[in-house]
Amino acid sequence: MGNVQILQHPLLDHKLSILRDKNTGVKEFRESVGEIAALMCYEATRNLPTQEVEIETPITTAKFKVLAGKKLAIVPILRAGLGMVDTMISLMPSAKVGHIGLFRDPETHEPVKYYCKMPPDISERQVFVVDPMLATGGSAVAAIDVLKKEYGCKSITLMNIIAAPEGIKAVSEAHPDIDIYVAAVDQGLNENAYIVPGLGDCGDRIFGTK
Ligand code: PRP
Ligand code: URA
């Protein structure tokens, strides 16, 4: 399945079960999406380069590690990806944020782009594309296409909370160079291209639009 990391942790399991429960309300759903994003961010940033700098503690002076290398950017796929941004920014406060708006055509399930705004130096940044759901993979493939072809991005990591095997395959085949971090891989897709068992429509559940 390419460069796919399936994250396993009891806190992720517990919070994922909260998301899956159809009786979970908007407030707890939104909070849980954010908390899961923060836990995933911890793993997805594990290989960021560091460098040693000299720091004077109250006791002595010694060398310690700080982040080095490329600057960071978070790119949520609207709408549901927005739910992952705030907690990730709290961990990476200097990251810039680009937005890409895609919705799935209800008939074809193909992604339709309606908005795109990126930081001007996005091509020089390590980009974390975030979206809670990876279903057919159409939206993620399209978002990464835009970042590579229109903005020249070279370092991209994809973070999805729940993925279908079909989505992982689609992204791995279209973009074998990127790393994908997921918290769960479900059984597959239903006739409406929703993830089974999944959690329903993530955007609607985050924003209370249904
Ligand atoms: C959802 C989800 C992903 C996409 C995944 O967005 O947030 O972006 O579907 O499906 P795919 O892998 O088959 O492309 P949706 O199109 O429902 O838009 P919304 O977030 O605005 O509700
Ligand atoms: N988008 C969602 O929000 N949920 C799914 O199950 C599939 C796509």
Side-chain angles (χ1 to χ4, degrees), residues 1-2 4 6 15-26 28-34 36-37 40-41 74-88 97-118 127-148 156-176 178-210:
M1 285 208 292
V4 185
I6 303 164
K15 291 174 194 299
L16 268 165
S17 297
I18 292 172
L19 295 188
R20 292 184 188 280
D21 187 340
K22 71 173 188 180
N23 295 315
T24 298
V26 171
E28 194 179 11
F29 190 90
R30 211 179 267 153
E31 286 168 357
S32 300
V33 166
I36 290 171
M40 293 183 71
C41 183
I74 304 166
V75 175
I77 301 179
L78 308 182
R79 294 175 299 165
L82 287 174
M84 299 174 72
V85 173
D86 286 357
T87 54
M88 289 181 66
V97 180
H99 294 87
I100 183 156
L102 296 167
F103 70 85
R104 297 201 309 177
D105 182 290
E107 302 296 322
T108 66
H109 311 128
E110 290 292 319
V112 180
K113 188 172 103 174
Y114 60 89
Y115 185 77
C116 196
K117 182 84 177 172
M118 294 295 151
V127 180
F128 294 88
V129 175
V130 301
D131 190 333
M133 309 303 280
L134 183 66
T136 66
S139 302
V141 168
I144 296 164
D145 271 342
V146 168
L147 287 167
K148 283 185 178 175
I156 301 173
T157 299
L158 177 65
M159 291 171 54
N160 303 110
I161 294 179
I162 300 182
E166 294 90 330
I168 293 176
K169 184 166 181 284
V171 175
S172 303
E173 284 176 2
H175 299 291
I178 72 152
D179 293 323
I180 308 173
Y181 288 82
V182 301
V185 180
D186 277 11
Q187 286 159 27
L189 303 174
N190 69 12
E191 61 281 8
N192 297 316
Y194 274 85
I195 298 174
V196 180
L199 52 72
D201 189 304
C202 196
D204 282 342
R205 295 196 66 188
I206 290 175
F207 296 106
T209 42
K210 211 169 236 173

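All heavy atoms count here, side chains included; hydrogens, waters and symmetry mates do not. Remember, it's 1-based here, ligands and their atoms both numbered in the order they're listed.
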Check each heavy atom of T136 against ligand 1 and say whether those closer than 4.0 Å belong to the side chain, the backbone, both or neither.
both
N/O of S139 under 3.5 Å from N/O of ligand 1, yes or no?
yes
With a cut-off of 4.0 Å, which atoms of ligand 2 are near a heavy atom of D201?
3 (O)
Does A135, backbone or side chain, put an N or O under 3.5 Å from an N or O of ligand 2?
no
If I take atom CG from residue D131 and atom CD1 from residue I162, how far apart are they, to the nearest 0.5 angstrom?
11.5 Å
For ligand 2, which atoms, with element, lie under 4.0 Å from some heavy atom of C202?
2 (C), 3 (O)
Can M133 be said to touch ligand 1, with heavy atoms closer than 4.0 Å?
yes
Can you name the nearest heavy-atom pair linking A37 to M88, along with the distance?
O-CG, 4.1 Å
Could you report the tightest heavy-atom contact between T87 and G34, atom names first, then the distance?
OG1-O, 2.7 Å
Does an N or O anywhere in D204 fall below 3.5 Å from an N or O of ligand 1?
no
Show the nearest heavy-atom pair for residues Y115 and L78, with the distance to one decimal.
CD2-CD1, 4.2 Å
Considering non-hydrogen atoms of the protein only, which is the closest contact for atom 8 (O) of ligand 1, and what is the distance?
D131 OD2, 2.4 Å
Working to the nearest 0.5 Å, report the span between CZ of R205 and OG1 of T24.
5.5 Å
Looking only at heavy atoms, the pair that brings I168 and I180 closest together is O-CD1, 4.4 Å
Contact between ligand 2 and R104 is defined here as a heavy atom of the residue under 4.0 Å from a ligand atom; is it met?
yes
In this structure, atom 10 (O) of ligand 1 is nearest to the protein heavy atom R104 CD, 3.2 Å
Suppose we measure from atom 18 (O) of ligand 1 to each protein heavy atom; which comes out shortest, and what is that distance?
L102 O, 4.0 Å
Counting only heavy atoms on the protein side, is anything nearer than 4.0 Å to atom 12 (O) of ligand 1?
yes
May I ask you to check if ligand 1 and A140 share an N or O to N or O distance below 3.5 Å?
no
T209 versus R79, side-chain donor and acceptor atoms under 3.5 Å
yes
For atom 22 (O) of ligand 1, what's the nearest protein heavy atom and its distance?
R79 NH2, 2.9 Å
Show which atoms of ligand 2 fall inside a sub-4.0 Å distance from at least one heavy-atom site of M133.
2 (C), 3 (O), 4 (N), 5 (C), 6 (O)
CD1 of I18 to CD1 of I36, rounded to nearest 0.5 Å, is 8.0 Å
Any N or O on H109 sitting closer than 3.5 Å to an N or O of ligand 1?
no
Residue and atom name of the nearest protein heavy atom (relative to atom 17 (O) of ligand 1), distance in Å to one decimal:
D201 OD2, 4.0 Å
Closest approach of L134 to G167 (non-hydrogen atoms, all atoms of both residues)
CD2-C, 3.7 Å
From atom 1 (C) of ligand 1, is the closest protein heavy-atom distance below 4.0 Å?
no
Would you mind listing which atoms of ligand 1 come within a distance below 4.0 Å of any non-hydrogen atom of F103?
16 (O)
Would you give the length of the straight line joining atom CG of N23 to atom CZ of F29, rounded to the nearest 0.5 angstrom?
13.0 Å
Nearest-contact summary for atom 6 (O) of ligand 2 - protein heavy atom, Å
I195 N, 2.8 Å
Pair D186 + R20, salt bridge at N-O below 4.0 Å
yes
Give me the one residue out of I161, L19, V33 that meets side-chain contact (heavy atoms from CB on, under 4.5 Å) with L199.
L19
N/O of A80 under 3.5 Å from N/O of ligand 1, yes or no?
yes
Counting heavy atoms under 4.0 Å, the part of A193 that contacts ligand 2 is backbone
Distance col, row Y194:OH vs R104:CZ, nearest 0.5 angstrom, shows 6.0 Å
If you scan protein heavy atoms around atom 4 (N) of ligand 2, the nearest is G200 O, 2.8 Å
Closer than 4.0 angstrom: is that true for some heavy atom of G137 and an atom of ligand 1?
yes
Identity and distance of the protein heavy atom lying nearest atom 5 (C) of ligand 2
Y194 CD2, 3.3 Å
Atom pair CE (M118) and CG (L147), whose distance is rounded to the nearest 0.5 Å
5.0 Å
At their closest point, which heavy atom of I206 faces which heavy atom of G83, and how far apart are they?
CD1-CA, 4.2 Å
